[in-house]
Amino acid sequence: QVQLDESGGGLVQAGGSLRLSCAASGRTFSSNTMGWFRQNPGEEREFVAAINWSSTNTYYADSVKGRFTISRDNAKNTLYLQMNNLRPEDTAVYYCAAREKTTYSGGYYYRKRFEYDYWGQGTQVTVSS
């Protein structure tokens with residue numbers, strides 16, 4: 001059974017940092033693009049960041065560019081999201097996602113929820129002002 005398990009969320013003050021991790025089990029995603037999304041109650045799940053299999057290409061939402069860094073360790077089958085200079089508007093449940101296809105789709109598609117086949121259960125990030 002394929003599982004994506006996020007961890008590292010919590011409560012932090014504005015300007016602080018958190019590092020999210022997403023450990024995959026049940027199969028390897030070393031050849032697949034992976035990403036992070038976030039969602040608040042009553043809102044659409046929105047794209048945060050994505051990274052290709054070799055870490056040579058990364059993609060970010062404009063709202064987090066320059067503050068968040070996505071990375072991965074294929075040997076550990078783990079995805080990361082380093083979040084710095086956090087703002088109250090970053091408060092959300094953060095979800096890890098993995099793509100089944102290994103073919104290249106490009107940055108436009110990697111920002112879309114439908115591009116991903118596997119999802120974690122989410123981890124809450126709360127940023128206080």
Side-chain angles (χ1 to χ4, degrees):
Q1 181 182 357
V2 177
Q3 270 191 280
L4 299 177
D5 292 317
E6 302 99 335
S7 61
L11 173 64
V12 63
Q13 287 190 328
S17 298
L18 283 174
R19 189 194 196 203
L20 304 184
S21 297
C22 171
S25 60
R27 60 160 285 178
T28 178
F29 289 104
S30 59
S31 299
N32 307 79
T33 293
M34 298 183 73
W36 290 97
F37 287 72
R38 65 187 182 187
Q39 186 174 23
N40 280 307
E43 298 180 5
E44 291 287 316
R45 190 170 298 187
E46 67 173 6
F47 170 76
V48 175
I51 186 168
N52 74 329
W53 70 274
S54 60
S55 302
T56 52
N57 292 309
T58 56
Y59 310 87
Y60 295 96
D62 288 343
S63 58
V64 306
K65 201 173 295 183
R67 300 186 298 121
F68 290 12
T69 302
I70 189 171
S71 62
R72 64 192 297 166
D73 185 334
N74 286 340
K76 295 182 179 180
N77 215 18
T78 301
L79 179 72
Y80 303 100
L81 185 68
Q82 177 67 44
M83 306 186 295
N84 297 330
N85 192 19
L86 282 159
R87 304 167 179 169
E89 54 264 39
D90 295 318
T91 294
V93 177
Y94 283 71
Y95 296 89
C96 166
R99 192 168 170 264
E100 176 68 37
K101 291 186 293 185
T102 58
T103 52
Y104 175 76
S105 289
Y108 173 81
Y109 291 99
Y110 295 154
R111 289 169 164 81
K112 305 299 183 182
R113 289 175 54 189
F114 63 72
E115 192 69 9
Y116 297 87
D117 304 282
Y118 302 97
W119 293 85
Q121 81 289 347
T123 185
Q124 176 71 47
V125 171
T126 303
V127 184
S128 63
S129 57

Shortest non-hydrogen contact from [X] to [Y]?
X: Asn32; Y: Arg99; value: ND2-O, 2.8 Å
X: Ala92; Y: Asn40; value: CA-OD1, 3.3 Å
X: Ala14; Y: Ser129; value: CB-CA, 4.3 Å
X: Leu86; Y: Val12; value: CD1-CG1, 3.6 Å

Qualifying salt bridge (Lys or Arg N to Asp or Glu O under 4.0 Å) pairs with a residue from residues 34-45, counting only residues at least two apart or across chains: Arg38-Glu46, Arg38-Asp90, Glu44-Arg113
Would you confirm whether [X], through its side chain, and [Y], through its main-chain N or O, come within 3.5 Å as a donor-acceptor pair?
X: Asn74; Y: Trp53; value: yes
X: Thr69; Y: Gln82; value: no
X: Thr123; Y: Gly9; value: yes
X: Glu6; Y: Gly122; value: yes
X: Asp117; Y: Glu100; value: yes
X: Thr91; Y: Glu89; value: no

Where at least one partner belongs to residues 82-112, residue pairs that pass ring-ring contact (aromatic ring centres under 6.0 Å, His included), sequence neighbours excluded: Tyr59-Tyr110
[X]-[Y] co-clustered via ILVMFWY side chain contacts under 4.5 Å:
X: Tyr118; Y: Ile70; value: yes
X: Val2; Y: Leu79; value: yes
X: Ile51; Y: Phe29; value: yes
X: Trp36; Y: Val64; value: yes
X: Met34; Y: Tyr116; value: no

Centroid separation Phe47 to Tyr60 less than 6.0 Å: no
Interatomic distance, [X] atom [atom1] to [Y] atom [atom2] [nearest 0.5 angstrom]:
X: Arg19; Y: Ser7; atom1: CZ; atom2: OG; answer: 9.5 Å
X: Leu81; Y: Leu20; atom1: CG; atom2: CG; answer: 5.0 Å
X: Ser31; Y: Lys101; atom1: OG; atom2: NZ; answer: 15.0 Å
X: Asn77; Y: Thr28; atom1: CG; atom2: OG1; answer: 4.5 Å

Residue pair Gln121 / Asp5, side-chain heavy-atom distance below 4.5 Å: yes
If you measure only the distance, is there a donor-acceptor pair under 3.5 Å linking the side chains of [X] and [Y]?
X: Thr78; Y: Asp73; answer: no
X: Asn85; Y: Arg87; answer: no
X: Ser105; Y: Glu115; answer: yes

Flag if over 12 foreign heavy atoms under 6.0 Å of CH2, Trp119: yes
